[in-house]
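Worksheet for the structure shown next.
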Amino acid sequence: MMRRREPVPFAFVAEADRFRSNVTPPPPERMSFGQLAGRWLLGLTIVAGLVGSLVIGMPALSLDHSSQQTQQSQASSGKR
């Protein structure tokens with residue numbers, strides 16, 4: 001059996017997806033100087049922390065070839 005499509009009883013429900021308002025929202029408030037300075041300070045703190053951890057961590061990540069050569073040379077010389 002075929003169902004008959006009945007019109008929507010309220011026309012605005014059918015047109016709700018096409019409705020556009022002509023009212024513009026208010027512009028966003030500008031940040032105060034304190035808020036702006038706080039954001040910059042937080043950003044600089046995060047960047048400084050990342051750079052600092054790289055600077056401190058680089059010696060631990062690098063291979064020290066000089067200590068390996070001295071240990072090998074002592075072991076290969078046959079000294080007891």
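What you see below is based on every heavy atom in this structure, not just the backbone, and it leaves out hydrogens, waters and symmetry mates.
The shortest side-chain heavy-atom distance between L54 and L50 does not fall under the 4.5 Å cut-off.
W40 and F33 are not part of a single hydrophobic cluster, where members link through side-chain heavy atoms under 4.5 Å apart. L36 and L44 are not part of a single hydrophobic cluster, where members link through side-chain heavy atoms under 4.5 Å apart.
Taking CD from Q35 and CD from E29, the interatomic distance works out to 9.0 Å, rounded to the nearest 0.5 Å. With values rounded to the nearest 0.5 angstrom, I46 atom CD1 is found 10.0 Å from L41 atom CG.
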